[in-house]
2 protein chains.
Amino acid sequence: MREIEETLESKGIRPTAMRILIYKYMVEKEIALALTDIENAFIKSDRTTLYRTLKTFEENGIVHQIDDGTGTAKYAICEEHCNCELEQDLHLHFHCNSCDETVCLTEHKIPHINLPEGYKAKDVNLVVKGICDKCSGQ
Amino acid sequence: MREIEETLESKGIRPTAMRILIYKYMVEKEIALALTDIENAFIKSDRTTLYRTLKTFEENGIVHQIDDGTGTAKYAICEEHCNCELEQDLHLHFHCNSCDETVCLTEHKIPHINLPEGYKAKDVNLVVKGICDKCSGQ
DNA sequence: AAGTAGGTGCAACAGAAGTGCAATTATTGA
DNA sequence: TCAATAATTGCACTTCTGTTGCACCTACTT
């Protein structure tokens, strides 16, 4: 608990009760969560608060936003030394069509992409869809 | 004009005036278009018609849908022998942060991705964001 | 020409994202 | 300590995209 507070403070944001709870929840869940998911977990709180909390987390490098192609933005806790903004740190995301969960495959880096003349890459997003290990095993 | 009619018919859909116009427009534009873009180009027509036309086109392999991370779905005409549904034919998409246009880089195939044990890939989506050749040249 | 299937337009709705403002809570400094 | 100030939260509302239902029209079939 204290740990979470320190984490938040070290990233330069104030560790309010709400933020600590949301952070804790996201760490425990391990999968990428949509605003709606968090909303359902914290029905007592307002959607706007959760929304802005996620934005704050994102701006301060606590979570990164994932676009897994489902149309709704998802968020996942950044790894220890996650440099989401740097190309070499980008990992791929896997979305399971069966259980509908999205996970970060952090050990799988995105290979370097050769672009045509004149194109400059700033950001790469790679999403693989299919069946995850949990669902394929059954 | 006759050509377009034949193309549509060969894919099994009726070449109505509306469909021919939309198809022509998309071919000429060359970039991936959102429903809103097409809506603005055909203000006389209804959004629903355009929406359903795109759906029909998509179902019949005339266009493919692109998720370029902007949050709104885009559509682009399929190439001659575009097998959008097959993994080996998947090409990458480039979204320019400057002019906000998305293009298909059809000659750039997505490299094969090795997934962890138990994961089965069905679909891969790779979007590179940055500055396109037109914008970087100025 | 009548019947039927497909196409189009209008209205309306759902869900996500985002904004403005007022109320509350936390922090700071006299 | 306590007022002033800044940050956070909750509520109401708007916008945008995607989607569906229904009525009407158009085109093909027989």
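In what follows, chains are A, B, ... by sequence order, proteins preceding strands, each numbered from 1.
In this entry the distance linking CD of A/E59 with C1' of D/dT8 reads 14 Å, nearest Å. One interatomic measurement links the two molecules: CD of A/E9 to P of D/dA7, which rounds to 16 Å at whole-angstrom precision. Straight-line distance from the CG atom of B/N40 to the P atom of D/dC16: 11 Å, rounded to whole Å. As rounded to whole Å, 13 Å separates atom C1' of C/dT19 from atom CG of A/D46. With rounding to whole Å, A/M18 atom CE is found 12 Å from D/dG10 atom C1'. Counting to the nearest Å, the C1' atom of D/dT9 and the CG atom of A/L21 are 14 Å from each other. Between B/E5 atom CD and D/dA27 atom P there is a gap of 13 Å when expressed in whole angstrom units. Across the protein-nucleic acid pair, B/E58 atom CD and D/dG18 atom P stand 11 Å apart, rounded to whole Å.
From B/S136, atom OG reaches atom CD of A/E117 across 8.5 Å, with rounding to the nearest 0.5 Å. Taking OG1 of B/T72 as the start and CD1 of B/I66 as the end, the distance is 11.0 Å to the nearest 0.5 Å.
Between A/E28 and A/K24, at least one side-chain nitrogen of the basic residue sits less than 4.0 Å from a carboxylate oxygen of the acidic one, meeting the salt-bridge criterion.
If you check the side chains of B/T106 and B/H91, you find no donor sitting under 3.5 Å from an acceptor.
Note on B/S45: a side-chain N or O is less than 4.0 Å away from OP1 or OP2 of C/dG9. In terms of phosphate contacts, B/K55 brings no side-chain nitrogen or oxygen within less than 4.0 Å of OP1 or OP2 of D/dG18. Between B/T56 and C/dG7, a side-chain N or O to OP1/OP2 separation shorter than 4.0 Å is absent. In terms of phosphate contacts, A/T16 brings a side-chain nitrogen or oxygen within less than 4.0 Å of OP1 or OP2 of D/dT9.
Mapping B/A34 and B/R14 onto DNA chain D by nearest heavy atom places B/A34 at the nucleotide closer to the 5' end.
Here A/T48 lies in heavy-atom contact (under 4.0 Å) with a base. Within the 4.0 angstrom heavy-atom criterion, base atoms lie near B/R52.
For A/H108 and A/H93, the ring centers sit 6.0 Å or farther from each other. Under the 6.0 Å cut-off for aromatic ring centres, A/F94 and B/Y119 qualify, their centroids lying closer than that.
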Between the protein and nucleotides 13-17 of chain C, which nitrogen or oxygen pairs are less than 3.5 angstrom apart?
| unit_1 | atom_1 | unit_2 | atom_2 | d |
| --- | --- | --- | --- | --- |
| C/dA16 | OP1 | A/T36 | OG1 | 3.2 |
| C/dA17 | OP1 | A/A73 | N | 3.4 |
| C/dA17 | N7 | A/R47 | NH2 | 3.0 |

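With B/D37 contributing its side chain and B/L33 its backbone, the two residues share no donor-acceptor pair below 3.5 Å.
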